[in-house]
Structure formats: C-alpha cells, structure tokens
**Q** 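What follows is a single structure, and I will ask about it in a moment.
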There are 2 protein chains.
Amino acid sequence: MLSGESTVTVEIVDESKPGLRERKKQRTHAAISDAAIALFLEHGFNQVSVARVAEAAEVSKRTLFAYFPTKEDLVVHRLADHETELARVVRDREPGTDPLTAVREHFLVGLRERDPISGLNDHPQVLRLTRMILDSPSLVARMEAFKAGAERALAEALRETAGTPELTARLAAVQIVAVQWALSQDNAHRMADGEPADARYAGAAADAEHAFALLERGLGRLTPPQ
Amino acid sequence: MLSGESTVTVEIVDESKPGLRERKKQRTHAAISDAAIALFLEHGFNQVSVARVAEAAEVSKRTLFAYFPTKEDLVVHRLADHETELARVVRDREPGTDPLTAVREHFLVGLRERDPISGLNDHPQVLRLTRMILDSPSLVARMEAFKAGAERALAEALRETAGTPELTARLAAVQIVAVQWALSQDNAHRMADGEPADARYAGAAADAEHAFALLERGLGRLTPPQ
DNA sequence: AGCATTTCTGCACTGAGTATACTTTTACTC
DNA sequence: GAGTAAAAGTATACTCAGTGCAGAAATGCT
C-alpha cells in the first residue's frame with residue numbers, strides 16, 4: 001500500500017507466476033464450481049440450495065458468495081467467454097471480409113465442430129447441462145442477460161472496425177445476436193429431445209445458411225405473392 | 001363482437017354483470033397495484049418490500065402473492081397486453097398488406113401518438129416509471145422475458161396468417177422484435193436523459209424508417225465499399 | 001337462514017443474499 | 001525467521017421474497 005509505483009508490478013508478477021494466494025483462490029473457485037455443477041446435474045438446479053453447495057465444497061456460504069455473486073453464476077460463469085465471442089470474431093476477421101460473412105463462417109465452423117455453444121452437441125454431459133438450464137427459468141433469464149451483453153459488445157465492434165454508424169451498428173447487432181441465438185436454441189432443443197447431432201448437422205447447416213441469407217438480404221415481402 | 005353463444009356465454013355473463021365477489025377481486029387487484037406503484041415511484045423498487053406494499057394496500061402478504069406471483073409482476077402486469085401487441089397487429093392487418101409493413105406503420109403511429117410503449121413519451125409519470133424500471137435489474141430482466149413472449153406470439157401469427165414457414169417465421173419474429181425493442185429502448189433512454197419527446201419525434205421517426213428498411217432489405221454489406 | 005365454496009389471514013418456514021465482527025492465512029519487510 | 005499489514009475465510013444473525021398450512025371470514029346458492 002506504500003509505494004504506489006509498485007502496484008502495477010505486483011499485478012504483473014501475480015499473473016506471470018501466480019503466488020500461493022492466487023493459486024489457492026483458483027482452486028477454491030474451481031472446487032465450488034465443480035461441486036455446484038455436480039450437485040445441480042444430479043438433483044436439479046432448484047432442488048439444491050447454495051448452502052448445500054458450500055458444504056460440498058467445504059467452504060462457508062459467505063465465501064461462496066465472495067466468488068460467485070449469485071446462485072446462477074455458479075452455472076453461467078462457464079459461458080462468460082462466449083458473451084464477447086461474436087465481437088471478437090468481428091474484430092479478428094480477415095481484412096476485407098464483411099462482418100456478417102465472418103460471423104456466418106464462424107457459426108458454421110461451430111456447427112461442424114459440434115461446439116456446444118452452437119447447440120449441436122449431444123454428448124451426455126452437455127445434454128444434461130442443457131436440459132438443466134432449459135428447465136430452470138432463472139437460468140434461462142440469466143442467458144437472456146448474456147444476449148444483451150453480446151449485443152452491446154458486437155455493436156461496439158461493428159462501430160469500431162467497420163465504421164458502422166451508431167444506430168445501424170446497434171440494429172445490426174441485435175438482429176445478428178437474435179438470429180444466431182434462435183439457431184442455437186433450435187439445435188439445443190432438438191438435442192434435448194433426443195435427436196442425434198450427426199443426423200441434425202445437415203439440416204442445421206442449411207438452416208443457418210437460410211438464416212444468414214435472410215439477415216443479409218432482408219425479410220422482403222413475407223407474404224408469398226398471391 | 002360475434003355471438004359465440006353457448007360455451008362462451010358463461011364467461012361473457014361473468015364479465016358483463018360481475019358479481020360482488022368478482023368486483024371485490026378487481027378492486028383488491030387495483031388497490032394492491034396502485035399502492036405498489038406509488039411506493040415504488042416514491043422510494044424505488046428495491047427500497048420497498050412486498051410486506052410494506054401489502055400493508056399499504058391493507059392486505060396480507062399471502063393475499064398479495066395470490067394476485068401477483070412475484071414482486072416484479074406488481075409493475076409489469078400493466079404491460080401484459082403489449083406482449084401480444086405485435087402478433088395482434090399482424091393478425092388484424094388489412095388484407096394484402098405485408099406483415100412487416102403493418103408493423104412499421106403501427107410503430108410509426110405509436111411514435112406520432114407518443115404511445116409510452118414506443119419510448120417516445122416524456123410525461124413525468126411515464127418518465128419516472130421508465131427510470132424506475134431501468135434502474136432495477138430484476139425489472140429489466142423481466143422485460144426481456146416479455147420480449148421472448150412477444151417473439152413466440154409474433155412467430156405464430158406470421159405462420160398462421162402469412163403462411164410463413166416455421167423457421168422463417170421464428171427468425172423474422174426475433175428480428176422484428178429485437179429491432180422494435182431497440183428503437184423503443186433508444187427513445188426511452190433519451191427521454192430518461194431529459195430530451196423532450198417533441199424534439200425527438202422527427203429523429204425517432206427517421207430512425208424507425210431506417211430500421212425497418214434494414215429489416216426489409218437486409219444488412220447487406222456492413223463495410224462501406226473501400 | 002343454512003351450507004358449500006372461495007377467498008383471506010396469521011404464522012411458521014425455506015432459501016438467497018448481506019452485515020458484522022472475528023480468526024486465519026499469506027505476503028512482504030527488516 | 002519474526003513481525004505485521006492486508007487479504008481471505010468463518011460464524012452468526014439478519015432481511016426479504018416466496019410457500020405451506022390450517023383456520024377464519026366472506027360470498028353465493030338454495
């Protein structure tokens with residue numbers, strides 16, 4: 001606290017070679033999270049109290065809340081990275097590539113690789129987690145908050161890297177996020193209903209192409225010419 | 001309205017000549033809601049406990065929860081109608097009109113009439129309510145749930161009245177809802193920041209036109225040709 | 001008026017999250 | 001390597017949202 005100059009140094013050192021304190025924190029964090037996921041998967045999110053999670057992780061309830069601000073965070077913190085994923089994809093795209101193209105290609109790669117975030121993954125573990133989330137309203141609500149965060153981040157990326165005007169960037173962002181989310185949701189629901197990922201792949205890819213074409217070329221006339 | 005006599009009659013009778021029990025229920029419902037809004041506006045949503053609302057409404061806490069399933073519902077039940085508003089607009093559109101056109105015209109009318117739902121209303125009461133909602137995360141989260149409901153209803157309306165295929169209907173619905181919501185949000189935030197509605201009207205209308213054009217004709221290339 | 005049904009109430013409870021005051025652990029300095 | 005400040009963890013007790021239950025009151029029907 002004395003030398004204000006060393007403050008930065010301390011943090012850098014902490015990150016490059018984590019001290020005992022830091023390592024312990026990470027272990028505790030993981031222990032709590034693991035205990036929570038295990039219990040939630042076994043008994044259901046609403047059927048397990050945070051007190052029980054704390055007990056299983058051999059930590060006081062107060063400490064648990066020092067690591068995770070809410071019960072929902074015990075689950076969704078694992079998805080935190082994905083909140084800025086679309087923004088990252090747009091920023092890191094090949095020069096000259098259109099942002100929408102970059103996002104489409106990224107999503108298609110996700111499908112091909114059965115990335116859980118694309119919804120097209122039927123590994124039992126992933127499936128159980130998906131079902132658990134879809135079954136708990138508070139977790140679903142929390143996912144919506146994620147969407148909002150993703151929208152904000154993507155809008156900023158569009159403004160900064162494509163020079164898209166403020167309003168257009170916001171509008172494009174909400175549309176892109178909404179569409180991609182709808183695609184993932186659809187896949188996830190199908191997996192939860194027992195459809196195998198490999199059997200669904202072709203359809204999922206076709207749907208994605210269709211969805212992105214709609215984004216690019218617009219809804220046009222929704223009523224078929226009579 | 002039409003005369004759907006037999007089965008419907010019972011409900012119609014109940015509504016046309018409400019008995020004492022029914023009238024009392026409505027009065028209690030209103031009393032609780034009014035007390036809640038008044039207290040929330042004065043002290044803030046999070047600063048007022050449901051127990052205090054129940055006390056002000058001269059009702060037991062248990063009864064309060066019989067009328068409103070959650071604390072948030074004390075506020076958002078007033079918006080319940082708007083959840084299906086877009087779906088209604090699509091269903092009730094002039095024959096031959098494109099759904100998207102109907103929605104655009106409806107939104108523009110909302111702006112012109114300073115409909116609170118369009119965000120373009122700076123009446124002190126509306127403004128205070130808006131600020132209160134925007135200031136309480138749990139209420140904002142609840143509004144997101146509304147969006148989800150609106151999406152579902154709109155998708156169904158598109159499928160049923162425009163023959164839009166399942167997936168396209170869902171995708172169109174999420175895009176339309178997301179865009180309209182973004183427009184409303186933007187207006188509401190400007191009002192909350194003190195911008196007068198009349199001064200904002202022209203800009204809001206232009207933004208809406210731009211947004212719906214984007215919806216209709218697509219995002220195309222977001223990067224300006226270099 | 002008498003009786004069944006609905007509604008309301010009081011009370012005690014669970015469970016999430018917070019405040020406080022305290023102990024332990026870690027990191028750093030001399 | 002002992003001393004010490006800061007960080008992390010704990011125990012306890014609290015607030016508040018929401019529920020379960022058993023009984024009291026109001027209402028509608030005959």
Side-chain angles (χ1 to χ4, degrees), chain A residues 1-32 35-36 39-40 43-76 136-139 141-142, chain B residues 10 13-14 17-32 35-36 39-40 43-77 136-139 141-142:
Chain A
M1 128 181 192
L2 317 162
S3 50
E5 151 228 48
S6 66
T7 313
V8 179
T9 309
V10 172
E11 287 175 12
I12 289 178
V13 168
D14 274 354
E15 280 184 33
S16 63
K17 89 159 112 136
L20 174 57
R21 185 169 273 173
E22 201 55 34
R23 272 179 289 142
K24 232 181 173 176
K25 265 175 85 169
Q26 286 173 11
R27 258 189 296 132
T28 306
H29 184 95
I32 296 172
L39 283 171
F40 291 157
H43 304 104
F45 184 74
N46 290 317
Q47 277 60 56
V48 178
S49 71
V50 291
R52 208 165 142 202
V53 172
E55 195 188 6
E58 295 183 296
V59 151
S60 78
K61 200 178 76 166
R62 206 67 182 70
T63 297
L64 184 150
F65 279 114
Y67 282 87
F68 301 92
T70 69
K71 186 183 181 183
E72 286 73 31
D73 282 292
L74 289 166
V75 177
V76 301
S136 351
S138 64
L139 281 174
R142 192 53 196 282
Chain B
V10 175
V13 166
D14 275 353
K17 74 164 116 148
L20 174 57
R21 185 167 269 170
E22 201 55 34
R23 269 179 290 143
K24 231 181 173 176
K25 263 176 85 169
Q26 286 174 11
R27 259 189 295 133
T28 306
H29 184 94
I32 297 173
L39 284 171
F40 291 158
H43 304 104
F45 184 74
N46 290 318
Q47 277 58 57
V48 178
S49 72
V50 292
R52 210 165 140 201
V53 172
E55 196 188 5
E58 296 183 295
V59 154
S60 78
K61 200 178 77 167
R62 209 65 186 71
T63 297
L64 184 152
F65 280 113
Y67 281 86
F68 301 92
T70 70
K71 186 184 182 182
E72 286 73 31
D73 281 293
L74 289 167
V75 177
V76 300
H77 79 96
S136 352
S138 64
L139 281 175
R142 192 54 197 282

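Below, read A as the first sequence line, B as the second, and so on, with proteins coming before strands; counting in each chain starts at 1. The model shown is predicted, which means the values in this text are computed figures rather than measured ones.
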**Q** Send over the distance from A:Asn46 CG to D:dA17 P, rounded to a whole Å.
**A**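 The answer, rounded to whole Å, is 19 Å.
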**Q** Under the ring pair (Phe, Tyr, Trp, His ring centres under 6.0 Å) rule, collect the residues that match up with A:Phe68, sequence neighbours excluded.
**A**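 Checked A:Phe68 against ring pair (Phe, Tyr, Trp, His ring centres under 6.0 Å); matches are A:His29, A:His77.
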**Q** Can you tell me which residue pairs pass the salt bridge (charged side-chain N to carboxylate O under 4.0 Å, His left out) test with a partner in residues 65-74 of chain A, sequence neighbours excluded?
**A** A:Asp73-A:Arg142
**Q** Rounded to the nearest Å, what distance is computed from the CZ atom of residue A:Arg27 to the P atom of nucleotide D:dG9?
**A** 11 Å
**Q** First locate atom NZ of A:Lys25, then atom CD of A:Glu22, and finally report the distance between them rounded to the nearest 0.5 Å.
**A** 5.5 Å
**Q** Between B:Phe45 and B:Ser138, is a side chain to side chain contact (heavy atoms under 4.5 Å, CB included) present by the stated rule, with each step listed?
**A** CA-CA 10 Å; B:Phe45 184 74; B:Ser138 64; 3.5 Å; yes
**Q** Hey, can you pull the residues of residues 66-74 of chain B with a non-hydrogen atom under 4.0 angstrom from DNA chain C?
**A**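 The stretch gives B:Tyr67 as the residues lying under 4.0 Å from the strand, ordered by number.
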**Q** How long is the line joining NE2 of B:His29 and P of C:dC8, in whole Å?
**A** 12 Å
**Q** Could I get the full list of side-chain hydrogen bond (donor to acceptor under 3.5 Å, both in side chains) partners for A:Asn46, not counting sequence neighbours?
**A**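 Applying side-chain hydrogen bond (donor to acceptor under 3.5 Å, both in side chains) to A:Asn46 gives none.
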**Q** Is there a side-chain contact between A:Phe40 and A:Leu74 (heavy atoms, below 4.5 Å)?
**A**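 A:Phe40 vs A:Leu74: side chains touch.
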**Q** Rounded to whole Å, please give me the gap between CZ in B:Arg142 and C1' in D:dG18.
**A** 14 Å
**Q** Write down the distance between CZ (B:Phe65) and P (C:dA12), rounded to a whole number of angstrom.
**A** 18 Å
**Q** Using a heavy-atom distance cut-off of less than 4.0 Å, which residues of residues 50-63 of chain B contact DNA chain D?
**A**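 Heavy-atom contacts with DNA chain D come from B:Val50, B:Lys61, B:Arg62.
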**Q** In whole Å, what is the span from the CG atom of B:Leu64 to the C1' atom of C:dT9?
**A** 13 Å
**Q** B:Lys24 side chain N/O closer than 4.0 Å to the phosphate oxygens (OP1, OP2) of D:dT27?
**A**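 Answer is yes, contact under 4.0 Å.
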**Q** For A:Ser60, give me all partners under side-chain hydrogen bond (donor to acceptor under 3.5 Å, both in side chains), at least two apart in sequence or on another chain.
**A**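 A:Ser60: side-chain hydrogen bond (donor to acceptor under 3.5 Å, both in side chains) contacts with A:Thr63.
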**Q** Of all residues at least two apart in sequence or in a different chain, which pass the side chain to side chain contact (heavy atoms under 4.5 Å, CB included) check with A:His43?
**A** A:Leu39, A:Gln47, A:Val48, A:Arg52
**Q** Flag the pair A:Val50 / A:Phe65 as yes when at least one side-chain heavy-atom distance between them is below 4.5 Å, and no otherwise.
**A**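 In short, these two side chains touch, coming nearer than 4.5 Å.
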**Q** Can you check the B:Lys25 NZ to C:dC8 P distance for me, whole Å?
**A** 7 Å
**Q** Whole angstroms only, please: what is the CD-P distance between A:Gln26 and C:dT26?
**A** 15 Å
